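Inspection log for the structure reproduced underneath, given as structure tokens.
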2 protein chains.
Amino acid sequence: MSSNATQRRGIPDATVTRLPEYLRALTALAESGTVRVSSEELASLVGVSSAKLRKDLSHLGSYGVRGVGYDVDHLSYQISLALGLTHDWAVAIIGMGNLGRALAAYNGFTSRGIQVVALLDRDPAVLGRVVAGLAIEPMADLPRIARERGVAIALVATPARSAQEVADAVVAAGIGSILNFAPTSIEVPDGVRVRKVDLATEVQILAFHQLQHDRALLSGLRTVIP
Amino acid sequence: MSSNATQRRGIPDATVTRLPEYLRALTALAESGTVRVSSEELASLVGVSSAKLRKDLSHLGSYGVRGVGYDVDHLSYQISLALGLTHDWAVAIIGMGNLGRALAAYNGFTSRGIQVVALLDRDPAVLGRVVAGLAIEPMADLPRIARERGVAIALVATPARSAQEVADAVVAAGIGSILNFAPTSIEVPDGVRVRKVDLATEVQILAFHQLQHDRALLSGLRTVIP
DNA sequence: ACGCCCTTGTGAACCGATGCACAAAGTCAC
DNA sequence: GTGACTTTGTGCATCGGTTCACAAGGGCGT
């Protein structure tokens with residue numbers, strides 16, 4: 001193990017959620033031919049404070065040069081390394097409704113470390129249909145598919161009522177991480193990671209803040225016109 | 001203003017993000033005919049600790065009964081009230097690619113306080129096409145549409161390169177909140193609310209945690225077999 | 001009518017994340 | 001080779017959120 005920060009046990013969660021954002025911004029910079037970037041520039045590009053950015057990066061190691069900034073390529077590589085994106089992750093998408101098909105066709109995945117290797121659905125009527133170059137396969141084949149193609153992450157895009165059952169099948173197939181798009185929470189054993197993306201929830205949170213804003217305006221008026 | 005908690009200024013952000021989850025669980029309970037629920041039951045249903053749940057609810061007021069629990073309908077109503085979901089919010093979806101169409105067809109929205117009232121795209125080739133019962137309209141009409149239909153929230157589902165331009169148009173049309181699905185961060189003036197949903201980022205975060213898990217297993221083996 | 005029992009609501013300690021401000025460190029010009 | 005300048009990396013203070021543990025409070029059985 002090296003000096004002080006090469007791969008310190010435990011990058012804070014809040015930092016981990018921001019690293020992909022930094023990585024994306026860096027990728028865009030690299031594409032535009034930029035070679036070096038300061039914490040100030042990169043931070044404003046992703047919309048965080050430069051102090052936060054520097055502290056985040058300090059958890060991976062000391063890859064900047066004082067008085068100069070960061071080398072775009074090198075920093076990209078180090079973040080990719082920390083996130084484990086130097087090799088591709090095989091993901092399976094389960095549930096081929098509107099959302100599942102959109103996910104299958106989403107090309108933000110292919111760009112960085114993520115490869116969709118299987119599409120599955122429970123409905124026999126859609127089996128064999130090809131979406132984004134992959135044929136839809138039956139749920140019964142999940143264990144074999146997971147094993148043969150090294151699937152580590154499953155995207156669950158089923159209706160709420162089947163999400164738990166699908167999650168159980170995913171766990172039984174030995175897949176260790178689930179990204180749950182179904183509008184329900186799922187139970188998994190210890191040692192299985194779950195994240196949740198809920199579209200309606202996001203809009204509702206936004207509605208709340210919009211309402212607060214509207215109310216603040218209104219009460220502002222009231223104080224002016226008593 | 002009433003006693004101590006009716007509508008205290010400032011429900012913590014972390015609480016606001018969880019309220020929609022509670023609301024969904026309560027709705028499911030109500031549908032199954034449940035009348036009363038304890039903090040313990042509800043908490044395990046959404047996967048949080050009961051203490052956190054109670055503290056969250058305490059920010060809205062005192063709607064539980066000690067020794068008994070919460071009335072499902074009444075609590076649902078109070079959360080809806082706090083979130084501003086007692087009336088519907090009109091949302092517009094911009095960008096009718098795979099994701100935009102999936103969002104338009106998503107029926108998790110209609111259920112609770114959210115109504116999709118417009119679909120827009122910049123591409124003249126898709127204008128007029130009907131998706132989920134709504135015709136796709138041109139971006140030029142956004143100001144009129146926003147005004148006439150009271151759009152308060154826009155869902156931006158365009159490619160990254162057009163997201164900023166679309167966001168500017170959204171702000172110019174007087175829409176106060178944006179849910180950004182494009183894989184880029186956008187700049188908006190003060191007083192406009194933005195939330196971001198990034199699918200690739202979510203998978204990358206999951207990949208990181210999966211990697212940590214794998215590494216932990218591996219080093220566990222090493223300590224056993226030196 | 002009384003007291004037991006159960007669950008809420010919350011004060012206080014704890015923990016992690018954020019923001020501030022500056023010393024450390026390296027570059028570049030001369 | 002030296003000094004001035006720039007930007008990083010980080011110690012410290014602060015803030016918000018979570019957890020713990022229990023007193024307050026209401027229902028229900030007797």
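Below, chains carry the letters A, B, ... as their sequence lines are ordered, and counting in each starts from 1. Fair warning: this is a prediction, and the values are worked out from it, not measured in the lab.
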Plane angle bin for A:Phe109 and A:Tyr106 - parallel if under 30°, tilted between 30 and 60°, otherwise perpendicular: perpendicular
Residue-phosphate contact under 4.0 Å: B:Tyr70 side-chain N/O, D:dG26 OP1/OP2: no
Pairwise salt bridge (Lys or Arg N to Asp or Glu O under 4.0 Å) hits with a residue in residues 35-63 of chain A, at least two apart: A:Arg18-A:Asp56
Minimum heavy-atom distance between B:Pro20 and A:Gln204, given as atom pair plus value: CB-OE1, 3.0 Å
Residues in side chain to side chain contact (heavy atoms under 4.5 Å, CB included) contact with A:Ala43, at least two apart in sequence or another chain: A:Val48, A:Ser50, A:Leu53
Residue whose nearest DNA chain C nucleotide is more 5′ - A:Ala51 or A:Val68: A:Ala51
Atom-to-atom span, NZ of B:Lys52 to P of C:dC15 - whole angstrom: 16 Å
Rounded interatomic separation in angstrom, taking CG from A:Leu75 and C1' from D:dT8: 12 Å
Spacing of CD1 belonging to B:Ile178 relative to CZ belonging to B:Arg195, to within rounding of 0.5 Å: 13.5 Å
hbond_proxy B:Arg66 side chain to C:dT8 base (donor-acceptor, 3.5 Å cutoff): yes
Spacing between B:Asp13 atom CG and D:dG17 atom P, to the nearest angstrom: 6 Å
Rounded distance in Å - CG (A:Leu19) to C1' (C:dA17): 15 Å
Distance in Å, A:His209 NE2 paired with B:Ile11 CD1, rounded so as to fall on 0.5 Å steps: 10.0 Å
Residue closer to the 5' end of DNA chain D, B:Arg18 versus A:Leu57 (nearest nucleotide): A:Leu57
Worked verdict on B:Asp198 versus B:Glu202 for side chain to side chain contact (heavy atoms under 4.5 Å, CB included): CA-CA 6 Å; B:Asp198 192 320; B:Glu202 294 296 327; 5.8 Å; no
Distance-only donor-acceptor test, B:Lys55 side-chain atoms vs D:dT19 base atoms, 3.5 Å: yes
Phosphate OP1/OP2 of D:dT18: any B:Arg54 side-chain N/O under 4.0 Å: no
Any residue of residues 21-49 of chain A with a heavy atom less than 4.0 Å from an atom of DNA chain D: A:Ser38, A:Ser39
Rounded distance (Å) that lies between atom C1' of C:dG16 and atom CG of A:Asp56: 13 Å
Spacing between B:His59 atom NE2 and C:dT8 atom P, to the nearest angstrom: 17 Å
Between P of D:dT19 and CG of B:Leu53, the distance in whole Å: 12 Å
Euclidean distance, atom CD1 of residue B:Ile11 to atom P of D:dG17 [Å, nearest integer]: 12 Å
